[in-house]
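Everything quoted here is computed from the prediction, not taken from an experiment.
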Amino acid sequence: MISAASHADSPAPQRFPVVIVGAGPAGLTIGNILRAASVDCVVLETGTREFIERRPRAGVIEEWAVRGLERRGLAANLLERAQLHTECEFRFAGERFRFSYGELTGRHHFVYPQPLLVTDLVREYADVRGGAVRFGVRDVELHDLDSDRPSVSYLCPDTGGRQVLHCDFVAGCDGARGVTRAVLPPDRARIARHDYGIGWLALLAEAPQSADCVLFGLHPGGFAGHMARSPEITRYYLQCPPGDDPENWSHDRVWSELQSRLGAAGAPPLTEGRLIEKRVLDMHNYVVEPMVFGRLFLAGDAAHLTAPIAAKGMNLALHDAFLLGDALVAHLTKGDDSGLDGYSATCVNRAWDYAEFSQWLSEVYHGTSSGDPYRAGTTRARLHRLFDSRLAAASFAEGYLGLNTTD
């Protein structure tokens, strides 16, 4: 609940202006922004440092987000090591349709796996900027969020005792299943959700990428995707029934379907390799409105989830983090509340914009395999318009690259 709770038998409480719950890209970016301004904060994380640095997640970062990290001194390794992508390729009806969004816009994507970014962010936050972080915490509770004296408590993994942290603000960056999402008051939180009714089998293969860009396979048997992660690792997706068991997908079945769904005239076969991850993602989106409840400010997946259809999740998290980090610094160092006052509306608008683009792109990806001749026909029309109309191409590029996002 969002009201007060007892701190009986707790050690003497500590105080931090900001308590950040969750050490993902959003939480660590906020922490780094605060520490750069000499604002004290603490990050609470249920996982270990090793776990968050290895957890497989997204890898496509939009250019505006990279520039935001760069301005905050958080992109040195990324800029040195990331791949730059300026094109993507749709494979449909045995043909290849190359889309050069870099040529159209002068912009590009960065491919940099999220575990590497998290490793960079936690090192900068904890080891360089001296930020406090507590890993392996349990049973996190939030208290008095509607007052001007909120607090957060948790069970210390070393002592088993409950620690209490008093603060001015709580940044909820612990994802869809975290405590900050769980405490939202049902009479004030509006959660809009859309289920696509499909699953994606998410795969990591020990194999070099089989093309120099992202591939989207639009196939009657289901969507397939090919995305680079590193020179040795490639991310693949295969459309499957929601709730499917990954064990239904043997090595041979996976590669047979990938070869079929991503095959096209003149394209070499995919380079196969050992599958090191198989998990089924049920495709859905949600948006929480508002993103502020008293002294609790949500960011990232705690506030909105965008299915990986358009690779928007980490970018939305960074958008939130830039705005919230800067707004907290302005309030705590200058007494300027304008950023905090406008935070929720600005971020919710961005979340809906990305959700709409993802829904549009989902129809392109999945209409061919829907079994509905009408949806299949509109999919063909959308794809052909993308390559026949410069205006349609520009609109797609804007959404794909997030060009109407400013930091």
#### Entry: Matching residue for Glu62 among Lys312, Arg67, Arg107 - test: salt bridge (Lys or Arg N to Asp or Glu O under 4.0 Å)
Lys312

### Task
Output the distance between atom OG (Ser362) and atom OH (Tyr196), rounded to the nearest 0.5 Å.
5.5 Å

#### Entry: Asp388 with Arg385: basic N within carboxylate O range, under 4.0 Å
no

#### Entry: Check ion pair Asp212-Arg98 (N to O, under 4.0 angstrom)
yes

### Task
Measure the acute angle between the ring planes of Tyr365 and Phe216, then classify it against the limits of 30° and 60° as parallel, tilted or perpendicular.
tilted

### Task
On the 0 to 90° scale, with breaks at 30° and 60°, tag the Phe387-Phe97 ring pair as parallel, tilted or perpendicular.
tilted

### Summary
Across all chains, not counting sequence neighbours, the side chain to side chain donor-acceptor pair (under 3.5 Å) partners of Trp360 are none

### Pairs meeting criterion side-chain hydrogen bond (donor to acceptor under 3.5 Å, both in side chains) with involvement of residues 21-41, two or more places apart
Arg35-Asp40

### Query
Quick one: do Arg162 and Asp139 make a salt bridge, cutoff under 4.0 Å?
yes

#### Entry: Charged N-O contact under 4.0 Å between Glu257 and Arg253
no

### Message
If we ignore hydrogens and angles and just use 3.5 Å, is the side chain of Asp320 paired with the main-chain N or O of Ala26 as donor and acceptor?
### Response
no

### Query
Checking side chain to side chain contact (heavy atoms under 4.5 Å, CB included) against Phe16, which of Val42, Val152, Val39 comes through?
Val42

### Message
Holding to side-chain contact (heavy atoms from CB on, under 4.5 Å), I want the full list of residues that pass it with Glu103, two or more places apart in sequence or in another chain.
### Response
Ser100

### Query
Ser358: what forms a side chain to side chain donor-acceptor pair (under 3.5 Å) with it, not counting sequence neighbours?
none

### Query
With Glu247, which residues qualify under salt bridge (Lys or Arg N to Asp or Glu O under 4.0 Å), at least two apart?
none

### Query
Under 4.0 Å between a Lys/Arg side-chain N and an Asp/Glu carboxylate O for Arg382 and Glu363?
no

### Message
Checking Arg181 now: which residues fulfil side chain to side chain donor-acceptor pair (under 3.5 Å) with it, not counting sequence neighbours?
### Response
Tyr286

### Query
Are Glu70 and Arg72 close enough for a salt bridge, meaning some N to O gap below 4.0 Å?
no

### Message
With a 3.5 Å distance limit and no angle check, can you tell me whether Thr234 reaches the backbone of Gln209 through a side-chain donor-acceptor pair?
### Response
yes

### Task
Would you kindly say whether His219 and Thr368 are connected by a side-chain donor-acceptor distance under 3.5 Å?
no

### Message
Checking Arg149 now: which residues fulfil salt bridge (Lys or Arg N to Asp or Glu O under 4.0 Å) with it, not counting sequence neighbours?
### Response
none

### Task
Output all residues satisfying side chain to side chain donor-acceptor pair (under 3.5 Å) with Tyr237, sequence neighbours left out; order by chain, then residue number.
none

### Those residues that, when tested against Val292, pass side-chain contact (heavy atoms from CB on, under 4.5 Å) (two or more places apart)
Phe297, Tyr343, Ser344

### Task
Can you tell me which residue pairs pass the side-chain hydrogen bond (donor to acceptor under 3.5 Å, both in side chains) test with a partner in residues 389-402, sequence neighbours excluded?
none

### Task
Please say whether more than 12 non-hydrogen atoms of neighbouring residues, nucleotides or ligands are located less than 6.0 Å from CZ in Arg54.
no

### Message
Given 3.5 Å as the limit, does a donor-acceptor pair link the side chain of Asn248 with the main chain of Asp244, or not?
### Response
no

### Message
Tell me if the centroids of the rings in Tyr236 and Trp255 come within less than 6.0 Å of each other.
### Response
yes

### Message
Using ring centroids (six-membered ring only for Trp), state whether Phe99 and Phe396 fall under 6.0 Å.
### Response
yes

### Task
Decide, yes or no, whether a salt bridge links Asp127 with Arg49 under the criterion of side-chain N to carboxylate O below 4.0 Å.
yes

### Message
Quick check for you: to the nearest 0.5 Å, what is the distance between Ile30 atom CD1 and Leu318 atom CG?
### Response
10.0 Å

### Query
Could you give the distance from CD (Gln114) to CD (Glu53), rounded to the nearest 0.5 Å?
12.5 Å

### Cationic tip of Arg188 above Phe293 ring, under 6.0 Å, 45° of axis
no

## Note on the structure
Applying salt bridge (Lys or Arg N to Asp or Glu O under 4.0 Å) to Glu206 and not counting sequence neighbours gives Arg274

### Query
Counting N and O atoms only, with roles assigned by atom type, does the side chain of Asp282 sit under 3.5 Å from a partner on the main chain of Gly199, one being a donor and the other an acceptor?
no

### Query
Can you say whether the rings of His109 and Tyr101 are parallel (under 30°), tilted (30 to 60°) or perpendicular (over 60°)?
perpendicular

### Task
Rounded to the nearest 0.5 Å, what's the gap from NE2 on His194 to CE on Met283? Could you check?
11.5 Å

### Pair Glu45 + Arg134: basic N to acidic O under 4.0 Å
no

### Query
Are Asp252 and Ser250 linked by a side-chain donor-acceptor pair shorter than 3.5 Å?
no

### Sidechain-backbone polar pair: Thr306 side chain, Gly313 backbone, donor-acceptor under 3.5 Å
no

### Those residues that, when tested against Phe110, pass ring pair (Phe, Tyr, Trp, His ring centres under 6.0 Å) (two or more places apart)
His108

